[in-house]
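All ligand and atom numbering here is 1-based and tracks the order in the structure. Please read all numbers here as calculations on a predicted model, not as lab measurements.
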Amino acid sequence: MYDYVIVGAGSAGSVIAARLSEDPDVTVCLIEAGPADAAENIHVPAAFGKLFRTRYDWDYDTHEEPFLGRRRIYLPRGRVLGGTSSTNTMVYVRGNRIDFDEWGQPGWSYGELMPYFLRSEDNERGASEYHAVGGPLAVSEGRANNPMAEAFVEAAVQAGYRRNEDFNGAEQDGFGFFQLTQRDGRRCSTATAFLAPALERGNLVVETNLQVHRVLVENGRAVGVTGSRLDETVTIRAAREVILSAGAYNSPQLLQLSGIGPAQLLTALGVPVVLDQPMVGQNLQDHALIPLVYKHSQPISMISAGGPEDVEQFLNEGRGPLTANGPQSGGFIRTRDGIPAPDAEFLAAPVMFADSGLGTPTDHAISYGPSMLAPRSRGSVMLALDDPTAKPKIMHNYFADESDLDDAVEATRAGMRIARQAALKPYTDGQHQQPASESDADLRDFIRHYAHSIFHAAGTCAMGSVVDAELRVLGVESLRVADASVMPTLVRGNPNAAVIAIAEKAADLIRGVAAPSTAAAGSASHHQA
Ligand SMILES: Cc1cc2nc3c(=O)[nH]c(=O)nc-3n(C[C@H](O)[C@H](O)[C@H](O)COP(=O)(O)OP(=O)(O)OC[C@H]3O[C@@H](n4cnc5c(N)ncnc54)[C@H](O)[C@@H]3O)c2cc1C
């Protein structure tokens, strides 16, 4: 019996466990289906792709996507301490101010979340209006310095876009370098940043290799969880609360397995209904990426990384190609005039990133694509079977809304225009996969044929429909969800930073303390266009 039981030691769960266990008078149990994060490939940034479809990955795929030529799209998810923050590409982008403001949830505006972004942060650039130092999460400049990263930014400037030194500053629009969740060139996951320093506390227990199957609900109140480690059934009880931080696919799956979900589906599968809640698993959102991959003969892409010199430089200085995170530079654009915020993000990686990252690079290349930031299409996560170890049925419905395709066509055109600029000339000898022409029809075909996920799932237990603004599951006592699933709409950017801020705030909501003051974290006002 613990005061708090948290399911999932990912981006959110690791933060919540660390924050709650700061109080020595409460006991916390953090449960993780995957193992400890000891593997070197987790900590060496350039090796992130080597984690795909391994024991550190839930290894999901969508069902046949109706608007992408019935292709199944690969959806990696970290299954390890740190969750997807242990397997992601480390880009630190908070999203746009209007994302949070438009949620319309009391306490969740951009201004109100800012103290939580700052509380986490230890930014290499120092404290400023928008940044803080001294928090657990290292936010650093990239240390790989691949010439293609700068060439991409230069080409965007040649194409007419502005430079942006800080996507988390006054404005999101423009092109520049990403800051990364790295310390000294190594990955800084939430397990490294938050959990590791908390592990010596006597009031925090971390259970690894334990997959939760169900939340136990008695008389309308969550009282614990049950799951399995190999063949052993394990039940852990919670005196105060159960918190689900299992991610945008697994949190709704766990609610449904616990009888909280669409009654019709649960009944059909033989799961006893605790609460008919049709929105659990609905409202699934993601950013689709349209891959533009240009081949060339300069021997400088990430496929050359890993030689003895690189290893030495990585080990001795924490610099060089092995610190490469994938997208080192990029930018934000608006595909149309008059929209209130950027709707496409370019992520530029100095490597051939093909077939959702599953394809083996065959040539030196630069890969970049617009990731479509404000999709209107919605998907769902639904139990396929009542077996808790079976994969859920995931359908993203990418481009179900035709206007999403219109935006993607414009963004792809913008990307092809960048490729034609002088600065990218040395790196664009030929295109790996290309549209037949730049006509609307050919670009639409190209997108349907090659678009894939950029792995930003969110929205399946949204605030306002499944949980309230304090993240409490509506209709069940002592049960919260805190992870990417609670976002009513997905942020315009890479979601890890926003998930960490959600978790920071969740910890304060759970322990009933007021938000830290923004001024205390070194910031008075935050204007972002
Ligand atoms: C390849 C890749 C690259 C990405 N790159 C970036 C990037 O550069 N920048 C960025 O901001 N975002 C990036 N993202 C997305 C970002 O990492 C995620 O949005 C974020 O980590 C989600 O956090 P979460 O807490 O919601 O879920 P997760 O971090 O996935 O945590 C969920 C945890 O719960 C555990 N769990 C699930 N079910 C159970 C169960 N039944 N029992 C016990 N434990 C369970 C999981 O194993 C996992 O540890 C990327 C994602 C991927 C896959």
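In Lys391, the NZ atom is crowded: over 12 heavy atoms of neighbouring residues, nucleotides or ligands sit closer than 6.0 Å. Around CD of Glu165, the count of heavy atoms belonging to other residues, nucleotides or ligands within 6.0 Å does not exceed 12.
The Met90 neighbourhood of ligand 1 comprises atoms 7 (C), 8 (O), with distances under 4.0 Å to a heavy atom of that residue. Under a 4.0 Å criterion applied to the non-hydrogen atoms of Ala12, ligand 1 contributes the atoms 25 (O). Less than 4.0 angstrom separates some heavy atom of Gly10 from each of these atoms of ligand 1: 29 (O), 31 (O), 33 (C), 49 (O). Within ligand 1, the atoms closer than 4.0 Å to a non-hydrogen atom of Gly247 are 26 (O), 27 (O), 32 (C), numbered from 1 in the order shown. For ligand 1 and Gln211, the ligand atoms under 4.0 Å from any heavy atom of the residue are 41 (N), 42 (N). Set against the non-hydrogen atoms of Ala484, the atoms of ligand 1 under 4.0 Å away are 26 (O). Those atoms of ligand 1 that come under 4.0 Å of a heavy atom in Asn250, given as number and element, are 37 (C), 38 (N). Listed by number with element, the atoms of ligand 1 under 4.0 Å from a non-hydrogen atom of Pro76 are 53 (C).
Within the 4.0 Å heavy-atom criterion, the part of Leu254 lying near ligand 1 is the side chain and not the backbone. Residue-level proximity to ligand 1 for Ala457 is absent, since no heavy atom of it falls below 4.0 angstrom. Proximity of Leu210 to ligand 1, defined as any heavy-atom pair under 4.0 Å, is confined to the backbone N, CA, C and O atoms.
The pair Arg492-Glu345 does not count as a salt bridge, with every side-chain nitrogen at least 4.0 angstrom from each carboxylate oxygen.
Using modelled atom types, one finds no donor on one side chain facing an acceptor on the other under 3.5 Å when comparing Ser85 with Asn496. Using a 3.5 Å distance cut-off with no hydrogens or angles, the side chains of His396 and Glu65 do not pair a donor with an acceptor. No side-chain donor-acceptor contact under 3.5 Å links Tyr56 and Asn41. With 3.5 Å as the limit, one finds no donor-acceptor pair spanning the side chains of Thr87 and Thr84. One side chain, Arg94 or Tyr92, offers a donor N or O that lies under 3.5 Å from an acceptor on the other. Arg187 and Asn88 share a donor-acceptor pair across their side chains, judged by distance under 3.5 Å alone. Side-chain atoms of Ser453 and Asp286 form a donor-acceptor pair, as typed in the model, at a separation below 3.5 Å. Gln179 and Asn123 share a donor-acceptor pair across their side chains, judged by distance under 3.5 Å alone.
A parallel orientation is assigned to the rings of His452 and Phe455, their planes being inclined by less than 30° (bins at 30° and 60°). Ring pair Phe152/Tyr368 is tilted by interplanar angle, where 30° to 60° counts as tilted.
Summarising the geometry of Ala497 relative to Phe117, their closest heavy-atom pair is O-CE2, 3.5 Å, with the distance given to 0.1 Å. When all heavy atoms are compared, the tightest approach of Pro375 to His287 is CD-CD2, 4.3 Å.
Of the protein's non-hydrogen atoms, the one nearest atom 49 (O) of ligand 1 is Glu32 OE1, 2.6 Å. Remark: minimum distance from atom 9 (N) of ligand 1 to any protein heavy atom is reached at Val91 O, 2.9 Å. For atom 52 (C) of ligand 1, the closest non-hydrogen atom of the protein is Phe455 CB, 3.4 Å. Nearest protein heavy-atom neighbour of atom 44 (N) of ligand 1: Ala33 N, 3.1 Å. The nearest protein atom to atom 20 (C) of ligand 1, hydrogens excluded, is given as Ser11 OG, 3.5 Å; this is a heavy-atom distance. Looking only at protein heavy atoms, the nearest one to atom 10 (C) of ligand 1 is Asn494 CB, 3.2 Å. Residue, atom and distance of the protein heavy atom nearest to atom 11 (O) of ligand 1 are Asn496 N, 2.7 Å. Among protein heavy atoms, atom 34 (O) of ligand 1 sits closest to Gly8 CA, 3.1 Å.
In this comparison of Ala246, Gly78, Ala458, Ser85, the heavy atom closest to atom 48 (C) of ligand 1 sits on Gly78. When the options Thr89, Thr208, Asp483, Ile502 are ranked by their closest heavy atom to atom 8 (O) of ligand 1, first place goes to Thr89. Residue Trp58 holds the heavy atom nearest to atom 46 (C) of ligand 1 of all those in Trp58, Phe48, Phe52. For atom 42 (N) of ligand 1, the candidate residues are Val499, Val212, Leu347; the nearest heavy-atom contact is made by Val212. Here the shortest heavy-atom distance to atom 6 (C) of ligand 1, taken over Asp286, Asn88, Val225, Thr190, belongs to Asn88.
Residue Arg77 places no N or O, backbone or side chain, under 3.5 Å from any N or O of ligand 1.
Between Tyr249 and ligand 1 there is no heavy-atom distance shorter than 4.0 Å. Not a single heavy atom of Leu180 sits under 4.0 Å from any atom of ligand 1. In this structure, Leu51 does not count as a contact residue of ligand 1, since none of its heavy atoms falls inside 4.0 Å of the ligand.
The side chain to side chain donor-acceptor pair (under 3.5 Å) test with His131 singles out one residue from Glu121, Glu124, Arg125, and that residue is Glu121.
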